[in-house]
Amino acid sequence: MSILSKEQTDSFWNDGVITVKDAVTPTELTELRKTFTEWVEESRLHEGDYGKTLDGRPRFDLEPGHTSEKPGLRRVQSPEEISKVYENVMRNSKMTDYVAELIGPSIRFHHGKVNSKLPGTATKVKFHQDFLFQPMTNDDLITALLYVDDVTLENGPLEVVPGSHKGPLYPHWHNGVFTGSVDDEIANKYSKDVIKCVGKAGSACLMHSSLLHGSAPNLSSESRTLYIATYYAEDAIELSQNHLPSKLTHSIIKGKPSGKVRCSKYEMLIPEVPKGTSFFSQQAGSEENNN
Ligand SMILES: O=C(O)CCC(=O)C(=O)O
Ligand SMILES: [Fe+2]
């Protein structure tokens, strides 16, 4: 039996995005929040990025200007590796059933992260397409953004350009530098078409990975925490270095291996893995400072 209506499925393929309710249980939500709050508390003890992921980069990414009084923890990379709560949601929550219904039945895990916008921080995300960071043999890839907090018009919601997943893959390289974002001209061209994805905590935004999206700073006094997990159709194979490898990358989440590979036709420049902690340094053009 389907858990998504025909309207929801059609909207996903037409617009490249849907928001679904109750993607996690109230208990899962409470645990996700509690764990993240503990990470924010821990971040007060640090002056720079810290922790270590599989490829040696820091796990905890601090916004420039972070202090113990005013923490600016903006990202936790591969939280599933260090938290059973996040691993359980990534593997077993209702969010995975929704994703499997759209691009499954069999799906694998690509990477995960928490993106946070604490009140008073400047964290913003320039417009980009996730696929340009993670080419695969086919583009049945979904970025699932789980709302750990209520997401409102004021606290820096995801902003998307509906239908853009069907359009061109825009260059994310500019003058020989992988900036992890599209040209300002492209972002401006689509600014009138942007919609903001808001919803109650526990909802999830399911986004096609070719969709053009970004987000603005949090202008409210409420935090905006998203747990972002990317899944892909089991018959897709990665074509470039994973920018956030973890011990769970490529795990089968639903279904079973088919032994097949499926290919779609497209071309793009091969992305660059960040030299700094995460794509925030690529987007800020500060890669050199983070070496
Ligand atoms: O945190 C956000 O608002 C969006 C994050 C995003 O697009 C990404 O990490 O690829
Ligand atoms: Fe993104």
Side-chain angles (χ1 to χ4, degrees), residues 16-17 19 32 36 53 57 59-63 72-80 86 90 110-119 121-136 139 141-162 164-165 169-170 172 178-182 186-187 190 194-199 201 203-220 222-232 240 242-244 246 268 271-274 276-284:
V17 65
T19 304
L32 290 171
F36 185 69
T53 55
R57 280 182 295 136
R59 188 180 300 279
F60 295 89
D61 186 347
L62 304 174
E63 175 84 26
L73 179 61
R74 64 183 173 183
R75 172 175 280 201
V76 181
Q77 320 225 69
S78 304
E80 320 77 19
Y86 280 82
M90 183 281 280
H110 189 277
H111 76 275
K113 61 218 173 194
V114 177
N115 268 17
S116 148
K117 292 182 183 175
L118 292 165
T121 54
T123 305
K124 66 173 183 175
V125 176
K126 289 188 183 168
F127 273 79
H128 65 280
Q129 293 164 299
D130 288 351
F131 195 73
L132 278 285
F133 292 77
Q134 54 206 33
M136 315 274 302
D139 68 352
L141 258 89
I142 288 184
T143 307
L145 304 102
L146 178 75
Y147 300 176
V148 179
D149 296 315
D150 289 345
V151 179
T152 66
L153 290 175
E154 291 77 35
N155 69 359
L158 188 76
E159 302 184 15
V160 300
V161 180
S164 54
H165 63 303
L169 295 173
Y170 291 105
H172 285 45
F178 184 75
T179 65
S181 57
V182 298
I186 304 292
Y190 287 108
V194 160
I195 60 158
K196 297 184 178 179
C197 303
V198 295
S203 308
C205 176
L206 307 178
M207 182 179 77
H208 190 283
S209 76
S210 300
L211 199 73
L212 200 51
H213 64 284
S215 66
N218 180 357
L219 300 176
S220 79
E222 306 297 328
S223 57
R224 194 228 62 171
T225 313
L226 301 181
Y227 170 45
I228 306 177
T230 298
Y231 302 92
Y232 61 97
S240 69
N242 191 303
H243 62 280
L244 240 176
S246 87
M268 57 175 267
E272 193 171 63
V273 168
T277 304
S278 74
F279 87 142
F280 284 117
S281 54
Q282 290 173 318
Q283 288 207 333

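Along the sequence shown, the residues carry numbers beginning at 1. Each ligand, and each atom within it, is numbered from 1 in the order the structure gives.
Pairing each heavy atom of Thr123 with each of Ser116, the nearest pair is CG2-O, 4.1 Å.
The closest approach of His213 to the Fe ion (ligand 2), by N/O/S atoms, is made by NE2. Within Asp130, the N, O or S atom at minimum distance from the Fe ion (ligand 2) carries the name OD1. Atom NE2 is the N, O or S atom of His128 at the shortest distance from the Fe ion (ligand 2).
Of the heavy atoms in Asp130, only side-chain atoms (C-beta onward) come closer than 4.0 Å to ligand 1. If you look at Arg224 next to ligand 1, the close heavy atoms, those under 4.0 Å, all belong to the side chain. Counting heavy atoms under 4.0 Å from ligand 1, residue Arg75 touches it through the side chain alone.
Between Asp61 and Arg74 a salt bridge is recorded (basic side-chain N to carboxylate O distance below 4.0 Å).
Atoms of ligand 1 lying under 4.0 Å from at least one heavy atom of His128, given by number and element, are 6 (C), 7 (O), 8 (C), 10 (O). Atoms of ligand 1 found under 4.0 Å from any heavy atom of Ser215 (numbered from 1 in listed order, with element): 2 (C), 3 (O). Applying the 4.0 Å criterion to heavy atoms of Phe279 picks out, from ligand 1, the atoms 8 (C), 9 (O).
By the 4.0 Å heavy-atom criterion, Lys113 is counted among the residues contacting ligand 1. Between Phe133 and ligand 1 there is no heavy-atom distance shorter than 4.0 Å.
The aromatic ring centroids of Tyr227 and Phe36 lie 6.0 Å or more from each other.
Within the 4.5 Å cutoff, the side chain of Val161 has heavy atoms near those of the Phe127 side chain. Side-chain contact check for Tyr147 versus Leu158: every heavy-atom pair is 4.5 Å or farther apart. Taking the side chain as every heavy atom from C-beta outward, Val198 and Leu153 approach each other to under 4.5 Å. Side chains of Ser215 and Lys124 form no contact here, defined as non-hydrogen atoms less than 4.5 Å apart.
Side-chain atoms of Arg224 and Asn218 form no donor-acceptor pair, as typed in the model, at a separation below 3.5 Å.
In this structure, the protein non-hydrogen atom closest to atom 7 (O) of ligand 1 is His213 NE2, 2.9 Å.
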Notebook entry, point to check: For His213 and His128, what are the C-alpha separation, side-chain angles and deciding distance, and is it a side chain to side chain donor-acceptor pair (under 3.5 Å)?
Noted result: CA-CA 6 Å; His213 64 284; His128 65 280; 2.9 Å; yes
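Of the candidates Val125, Asn115, Val114, the one placing a heavy atom closest to atom 9 (O) of ligand 1 is Asn115.
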